2 protein chains.
Amino acid sequence: MNRNTKQRRALREVIEENDRPLSPPELLALASVKVDGLGIATVYRTIKSLLEDGALAQVDLPGEPPRYELPGKSMNHHFQCETCRKVFDAPGHLDAPQTLAPFEFSVSDYSLMLYGTCKDCLATSATK
Amino acid sequence: MNRNTKQRRALREVIEENDRPLSPPELLALASVKVDGLGIATVYRTIKSLLEDGALAQVDLPGEPPRYELPGKSMNHHFQCETCRKVFDAPGHLDAPQTLAPFEFSVSDYSLMLYGTCKDCLATSATK
DNA sequence: ATGTGTGCAAACAGTTTGCAAGCTT
DNA sequence: AAGCTTGCAAACTGTTTGCACACAT
(Lines give C-alpha, C1' and ligand atoms only; values in the text may rest on other atoms or scores of the structure.)
Protein backbone atom coordinates (compact mmCIF):
# COMPACT_ATOMS: atom_id res chain seq x y z
CA MET A 1 0.00 0.00 0.00
CA ASN A 2 0.88 3.69 -0.15
CA ARG A 3 1.62 3.98 -3.81
CA ASN A 4 3.32 6.99 -5.23
CA THR A 5 0.52 8.63 -7.19
CA LYS A 6 0.50 12.17 -8.49
CA GLN A 7 -2.38 13.02 -6.14
CA ARG A 8 -0.44 11.99 -3.04
CA ARG A 9 2.71 13.63 -4.32
CA ALA A 10 0.82 16.89 -4.85
CA LEU A 11 -0.72 16.77 -1.40
CA ARG A 12 2.63 16.01 0.25
CA GLU A 13 4.22 18.89 -1.64
CA VAL A 14 1.49 21.31 -0.60
CA ILE A 15 1.92 20.26 3.02
CA GLU A 16 5.69 20.69 2.83
CA GLU A 17 5.52 24.01 1.01
CA ASN A 18 3.20 25.61 3.54
CA ASP A 19 4.49 26.09 7.04
CA ARG A 20 1.09 26.23 8.67
CA PRO A 21 -1.77 23.81 9.39
CA LEU A 22 -4.10 23.44 6.38
CA SER A 23 -7.77 22.46 6.30
CA PRO A 24 -9.17 19.88 3.85
CA PRO A 25 -10.62 22.60 1.58
CA GLU A 26 -7.27 24.43 1.65
CA LEU A 27 -5.48 21.20 0.76
CA LEU A 28 -7.91 20.58 -2.10
CA ALA A 29 -7.52 24.09 -3.48
CA LEU A 30 -3.74 24.14 -3.24
CA ALA A 31 -3.24 20.61 -4.60
CA SER A 32 -5.78 21.09 -7.40
CA VAL A 33 -3.36 23.54 -8.99
CA LYS A 34 -0.90 20.68 -9.36
CA VAL A 35 -3.37 17.88 -10.18
CA ASP A 36 -6.39 18.67 -12.28
CA GLY A 37 -9.65 17.00 -11.33
CA LEU A 38 -8.49 16.14 -7.82
CA GLY A 39 -11.47 15.01 -5.76
CA ILE A 40 -12.24 15.92 -2.18
CA ALA A 41 -12.65 12.24 -1.30
CA THR A 42 -9.04 11.65 -2.30
CA VAL A 43 -7.97 14.51 -0.06
CA TYR A 44 -9.75 12.97 2.91
CA ARG A 45 -8.46 9.49 2.12
CA THR A 46 -4.90 10.72 1.75
CA ILE A 47 -5.13 12.66 5.01
CA LYS A 48 -6.31 9.53 6.77
CA SER A 49 -3.57 7.41 5.27
CA LEU A 50 -0.84 9.93 6.09
CA LEU A 51 -2.14 10.23 9.65
CA GLU A 52 -1.94 6.45 10.05
CA ASP A 53 1.61 6.46 8.72
CA GLY A 54 2.56 9.19 11.17
CA ALA A 55 3.45 11.41 8.22
CA LEU A 56 0.87 14.03 9.17
CA ALA A 57 -0.31 15.67 12.36
CA GLN A 58 -3.85 16.79 13.04
CA VAL A 59 -4.50 20.17 14.64
CA ASP A 60 -7.92 20.62 16.25
CA LEU A 61 -9.07 24.16 16.86
CA PRO A 62 -12.12 25.58 18.64
CA GLY A 63 -15.07 25.88 16.25
CA GLU A 64 -12.95 25.11 13.20
CA PRO A 65 -12.51 22.17 10.87
CA PRO A 66 -9.32 20.25 11.64
CA ARG A 67 -6.07 21.36 10.04
CA TYR A 68 -3.12 19.22 9.05
CA GLU A 69 0.61 19.83 9.04
CA LEU A 70 3.91 18.00 9.17
CA PRO A 71 4.51 16.28 12.50
CA GLY A 72 7.10 17.60 14.92
CA LYS A 73 5.92 21.19 15.00
CA SER A 74 5.09 22.84 18.27
CA MET A 75 1.65 21.40 18.83
CA ASN A 76 0.49 23.24 21.93
CA HIS A 77 0.21 26.85 20.81
CA HIS A 78 -1.60 28.13 17.73
CA PHE A 79 -2.55 31.49 16.39
CA GLN A 80 -5.58 32.27 14.26
CA CYS A 81 -6.01 35.49 12.34
CA GLU A 82 -9.54 36.79 12.84
CA THR A 83 -9.38 38.52 9.46
CA CYS A 84 -8.13 35.86 7.03
CA ARG A 85 -8.92 32.86 9.29
CA LYS A 86 -5.53 31.31 8.60
CA VAL A 87 -3.89 29.34 11.39
CA PHE A 88 -0.22 29.45 12.35
CA ASP A 89 1.94 27.55 14.78
CA ALA A 90 3.22 29.51 17.74
CA PRO A 91 6.33 28.65 19.73
CA GLY A 92 6.62 28.39 23.48
CA HIS A 93 4.98 26.43 26.23
CA LEU A 94 3.43 27.07 29.60
CA ASP A 95 5.40 25.92 32.58
CA ALA A 96 2.65 24.83 34.92
CA PRO A 97 -0.71 24.38 33.16
CA GLN A 98 -1.85 22.05 35.93
CA THR A 99 -2.02 24.98 38.32
CA LEU A 100 -4.82 26.41 36.17
CA ALA A 101 -7.16 23.42 36.47
CA PRO A 102 -10.10 23.20 38.88
CA PHE A 103 -9.34 21.73 42.24
CA GLU A 104 -8.66 17.97 42.28
CA PHE A 105 -8.53 17.62 38.51
CA SER A 106 -5.49 15.92 37.06
CA VAL A 107 -3.99 17.65 34.00
CA SER A 108 -1.99 15.73 31.42
CA ASP A 109 -1.96 18.12 28.47
CA TYR A 110 -3.11 21.51 27.30
CA SER A 111 -3.49 23.64 24.21
CA LEU A 112 -3.43 27.39 23.80
CA MET A 113 -5.20 29.36 21.05
CA LEU A 114 -4.24 32.94 20.38
CA TYR A 115 -6.51 35.21 18.33
CA GLY A 116 -5.72 38.48 16.63
CA THR A 117 -4.42 39.81 13.35
CA CYS A 118 -1.61 38.23 11.36
CA LYS A 119 1.28 40.12 9.84
CA ASP A 120 -0.19 40.21 6.33
CA CYS A 121 -3.59 41.43 7.45
CA LEU A 122 -2.01 44.07 9.68
CA ALA A 123 -0.10 45.35 6.65
CA THR A 124 -3.23 45.33 4.47
CA SER A 125 -5.34 47.24 6.98
CA ALA A 126 -2.57 49.79 7.53
CA THR A 127 -2.40 50.44 3.77
CA LYS A 128 -6.10 51.12 3.35
CA MET B 1 -41.72 36.41 20.42
CA ASN B 2 -39.97 34.32 23.07
CA ARG B 3 -42.99 32.68 24.55
CA ASN B 4 -42.82 30.76 27.77
CA THR B 5 -43.26 27.18 26.62
CA LYS B 6 -42.48 24.09 28.63
CA GLN B 7 -39.68 23.20 26.19
CA ARG B 8 -37.85 26.47 26.72
CA ARG B 9 -38.46 26.35 30.45
CA ALA B 10 -36.97 22.87 30.61
CA LEU B 11 -33.91 23.87 28.61
CA ARG B 12 -33.35 26.97 30.74
CA GLU B 13 -33.62 24.89 33.87
CA VAL B 14 -31.15 22.32 32.61
CA ILE B 15 -28.70 25.07 31.77
CA GLU B 16 -29.11 26.65 35.19
CA GLU B 17 -28.88 23.37 37.07
CA ASN B 18 -25.61 22.32 35.43
CA ASP B 19 -22.57 24.40 36.10
CA ARG B 20 -20.68 23.35 33.00
CA PRO B 21 -21.00 23.87 29.25
CA LEU B 22 -23.44 21.40 27.66
CA SER B 23 -23.55 20.13 24.08
CA PRO B 24 -26.79 19.93 22.06
CA PRO B 25 -27.11 16.16 22.63
CA GLU B 26 -26.51 16.70 26.37
CA LEU B 27 -29.18 19.41 26.41
CA LEU B 28 -31.62 17.13 24.59
CA ALA B 29 -30.98 14.23 26.94
CA LEU B 30 -31.24 16.29 30.11
CA ALA B 31 -34.29 18.29 29.02
CA SER B 32 -36.09 15.23 27.63
CA VAL B 33 -36.44 14.02 31.21
CA LYS B 34 -38.56 17.08 31.90
CA VAL B 35 -40.38 17.30 28.56
CA ASP B 36 -41.35 14.12 26.82
CA GLY B 37 -41.01 14.04 23.04
CA LEU B 38 -38.67 17.01 22.92
CA GLY B 39 -37.14 17.27 19.45
CA ILE B 40 -33.56 18.05 18.60
CA ALA B 41 -34.70 20.82 16.24
CA THR B 42 -36.30 22.60 19.17
CA VAL B 43 -33.06 22.32 21.11
CA TYR B 44 -31.13 23.94 18.27
CA ARG B 45 -33.77 26.64 17.76
CA THR B 46 -33.88 27.44 21.45
CA ILE B 47 -30.09 27.62 21.63
CA LYS B 48 -30.09 30.05 18.73
CA SER B 49 -32.80 32.18 20.25
CA LEU B 50 -31.15 32.29 23.69
CA LEU B 51 -27.82 33.20 22.07
CA GLU B 52 -29.48 36.10 20.26
CA ASP B 53 -31.04 37.26 23.52
CA GLY B 54 -27.65 37.13 25.22
CA ALA B 55 -29.09 34.57 27.65
CA LEU B 56 -26.61 31.90 26.60
CA ALA B 57 -22.89 31.75 25.84
CA GLN B 58 -21.29 29.46 23.28
CA VAL B 59 -18.11 27.60 24.15
CA ASP B 60 -16.08 26.32 21.18
CA LEU B 61 -13.58 23.58 21.89
CA PRO B 62 -10.98 21.89 19.70
CA GLY B 63 -12.44 18.95 17.80
CA GLU B 64 -15.69 19.05 19.76
CA PRO B 65 -19.26 20.16 19.08
CA PRO B 66 -20.00 23.53 20.67
CA ARG B 67 -21.17 23.65 24.26
CA TYR B 68 -23.49 26.18 25.87
CA GLU B 69 -23.66 27.69 29.32
CA LEU B 70 -24.91 30.74 31.16
CA PRO B 71 -23.04 33.91 30.18
CA GLY B 72 -20.66 35.55 32.59
CA LYS B 73 -18.58 32.51 33.39
CA SER B 74 -14.84 32.58 32.94
CA MET B 75 -14.67 32.03 29.20
CA ASN B 76 -10.94 31.70 28.59
CA HIS B 77 -10.01 28.49 30.36
CA HIS B 78 -11.72 25.13 30.03
CA PHE B 79 -10.99 21.64 31.15
CA GLN B 80 -12.03 18.46 29.37
CA CYS B 81 -11.94 15.04 30.96
CA GLU B 82 -10.39 12.55 28.55
CA THR B 83 -12.38 9.75 30.16
CA CYS B 84 -15.97 11.03 30.32
CA ARG B 85 -15.51 13.82 27.75
CA LYS B 86 -17.32 16.31 29.96
CA VAL B 87 -16.18 19.92 29.86
CA PHE B 88 -15.77 22.24 32.83
CA ASP B 89 -14.95 25.89 33.26
CA ALA B 90 -11.61 26.67 34.79
CA PRO B 91 -10.75 29.88 36.65
CA GLY B 92 -7.76 32.08 36.08
CA HIS B 93 -6.22 33.98 33.22
CA LEU B 94 -2.85 34.39 31.62
CA ASP B 95 -1.15 37.70 32.17
CA ALA B 96 0.60 38.21 28.87
CA PRO B 97 -0.71 35.91 26.13
CA GLN B 98 0.56 38.34 23.49
CA THR B 99 4.14 37.42 24.37
CA LEU B 100 3.40 33.89 23.11
CA ALA B 101 2.40 34.92 19.57
CA PRO B 102 4.67 34.77 16.53
CA PHE B 103 6.66 37.86 15.81
CA GLU B 104 4.64 40.83 14.52
CA PHE B 105 1.27 39.24 15.15
CA SER B 106 -1.21 41.27 17.13
CA VAL B 107 -3.08 39.31 19.83
CA SER B 108 -6.51 40.38 21.03
CA ASP B 109 -7.76 37.26 22.76
CA TYR B 110 -6.83 33.71 23.70
CA SER B 111 -8.32 30.48 25.01
CA LEU B 112 -6.73 27.72 27.00
CA MET B 113 -7.82 24.07 26.99
CA LEU B 114 -6.65 21.74 29.72
CA TYR B 115 -6.94 17.96 29.31
CA GLY B 116 -6.80 15.26 31.93
CA THR B 117 -9.05 13.38 34.29
CA CYS B 118 -11.91 14.93 36.24
CA LYS B 119 -12.57 14.36 39.91
CA ASP B 120 -15.33 11.78 39.35
CA CYS B 121 -13.31 9.75 36.88
CA LEU B 122 -10.25 9.84 39.14
CA ALA B 123 -12.40 8.41 41.94
CA THR B 124 -13.85 5.72 39.68
CA SER B 125 -10.47 4.55 38.41
CA ALA B 126 -9.02 4.50 41.92
CA THR B 127 -11.88 2.28 43.07
CA LYS B 128 -11.45 -0.35 40.39
C1' DA C 1 -1.34 -9.23 -13.87
C1' DT C 2 -2.51 -7.84 -9.42
C1' DG C 3 -4.65 -5.05 -6.57
C1' DT C 4 -4.30 -0.29 -4.61
C1' DG C 5 -5.84 4.50 -5.68
C1' DT C 6 -9.07 7.57 -7.92
C1' DG C 7 -13.38 10.07 -9.14
C1' DC C 8 -18.15 9.97 -8.89
C1' DA C 9 -22.20 9.40 -6.45
C1' DA C 10 -24.61 7.59 -2.62
C1' DA C 11 -24.51 7.23 2.37
C1' DC C 12 -23.91 9.33 6.91
C1' DA C 13 -23.88 12.55 10.98
C1' DG C 14 -24.79 17.03 12.69
C1' DT C 15 -27.36 21.21 11.94
C1' DT C 16 -30.91 24.02 9.69
C1' DT C 17 -35.31 24.87 7.51
C1' DG C 18 -40.28 24.17 5.58
C1' DC C 19 -44.68 22.88 6.90
C1' DA C 20 -48.99 21.72 9.22
C1' DA C 21 -50.80 21.45 13.74
C1' DG C 22 -50.60 22.98 18.72
C1' DC C 23 -50.17 26.13 22.26
C1' DT C 24 -49.22 30.85 24.38
C1' DT C 25 -50.73 35.22 24.49
C1' DA D 1 -58.28 34.56 17.14
C1' DA D 2 -53.56 35.46 15.79
C1' DG D 3 -49.25 33.92 15.20
C1' DC D 4 -45.20 32.11 17.53
C1' DT D 5 -43.48 27.37 18.69
C1' DT D 6 -43.16 22.53 18.08
C1' DG D 7 -42.27 17.92 15.97
C1' DC D 8 -41.53 15.64 11.85
C1' DA D 9 -39.26 15.19 7.71
C1' DA D 10 -36.66 17.09 4.05
C1' DA D 11 -32.64 19.91 2.96
C1' DC D 12 -27.81 21.02 3.66
C1' DT D 13 -22.80 20.81 4.81
C1' DG D 14 -18.83 18.31 5.87
C1' DT D 15 -16.97 13.64 5.93
C1' DT D 16 -16.97 8.70 4.74
C1' DT D 17 -17.87 4.73 1.84
C1' DG D 18 -19.20 1.66 -2.36
C1' DC D 19 -18.22 0.92 -6.92
C1' DA D 20 -16.15 0.51 -11.47
C1' DC D 21 -12.20 2.00 -13.82
C1' DA D 22 -7.29 3.69 -13.95
C1' DC D 23 -2.80 3.20 -12.80
C1' DA D 24 1.50 1.97 -9.89
C1' DT D 25 3.83 -1.90 -8.84
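Proteins get letters first, then strands, A, B, ... in listed order; numbering begins at 1 in each. Quick caveat, the model's predicted, so the values are computed rather than measured.
- Rounding to whole angstrom units, CZ of residue Arg12(B) and C1' of dT5(D) are separated by 14 Å.
- At whole-Å resolution of the value, CD in Gln58(B) and C1' in dG14(C) are 14 Å apart.
- Heavy-atom neighbours of Asp53(A) CG from other residues, nucleotides or ligands within 6.0 Å: above the threshold of 12.
- Nearer to the 5' terminus of DNA chain C, by closest-nucleotide assignment, is the contact made by Pro65(B) (compared with the other of Pro65(B) and Arg9(B)).
- Atom-to-atom, CG of Asp36(B) to P of dG7(D) comes out at 10 Å; the value is rounded to the nearest Å.
- Residues from residues 21-32 of chain B with heavy atoms under 4.0 angstrom of DNA chain D: there are none.
- Atom pair Ile40(B):CD1 and dA13(C):C1' shows a separation of 12 Å (rounding to whole Å applied).
- Distance Arg8(B) CZ to dC4(D) C1': 8 Å, rounded to the nearest Å.
- If you check every strand for non-hydrogen atoms under 4.0 Å, Leu38(B) touches sugar and phosphate atoms only.
- Residues Asp19(A) and Lys73(A) are paired through a salt bridge, judged by an N-O separation under 4.0 Å between the basic side chain and the carboxylate.
- Contact check, Thr42(A) against dG7(C): a side-chain N or O comes under 4.0 Å of OP1 or OP2.
- Two residues are said to be in side-chain contact when any heavy atoms from C-beta on lie closer than 4.5 Å; Pro66(A) and Ser23(A) fail this criterion.
- The side chain of Thr5(A) places no N or O atom within less than 4.0 Å of a non-bridging phosphate oxygen (OP1 or OP2) of dT4(C).
- Residues Tyr68(B) and Ile15(B) are not in side-chain contact: their nearest non-hydrogen atoms beyond the backbone lie 4.5 Å or more apart.
- Lys34(B) is linked by a side chain to side chain contact (heavy atoms under 4.5 Å, CB included) to Ala10(B), Glu13(B), Val14(B), Glu17(B), counting only residues two or more places apart in sequence or in another chain.
- Between Gln7(A) and the phosphate of dG7(C), there is a side-chain N or O to OP1/OP2 separation shorter than 4.0 Å.
- The salt bridge (Lys or Arg N to Asp or Glu O under 4.0 Å) pairs that include a residue from residues 99-119 of chain A number zero, where partners must be two or more places apart or lie in different chains.
- Contact check of residues 45-53 of chain A against DNA chain D (heavy atom, cut-off under 4.0 Å) returns Arg45(A), Lys48(A).
- Looking at Arg45(A) and Arg8(A), their side chains never come closer than 4.5 Å, going by heavy atoms from C-beta outward.
- Through ILVMFWY side-chain contacts below 4.5 Å, Val33(A) is grouped with nothing and stands alone.
- Between the side chain of Arg3(A) and the base of dT25(D), no donor-acceptor pair of N or O atoms lies under 3.5 Å.
- The list of side chain to side chain donor-acceptor pair (under 3.5 Å) pairs with a residue in residues 85-103 of chain B, not counting sequence neighbours, reads Glu64(B)-Arg85(B), His78(B)-Asp89(B).
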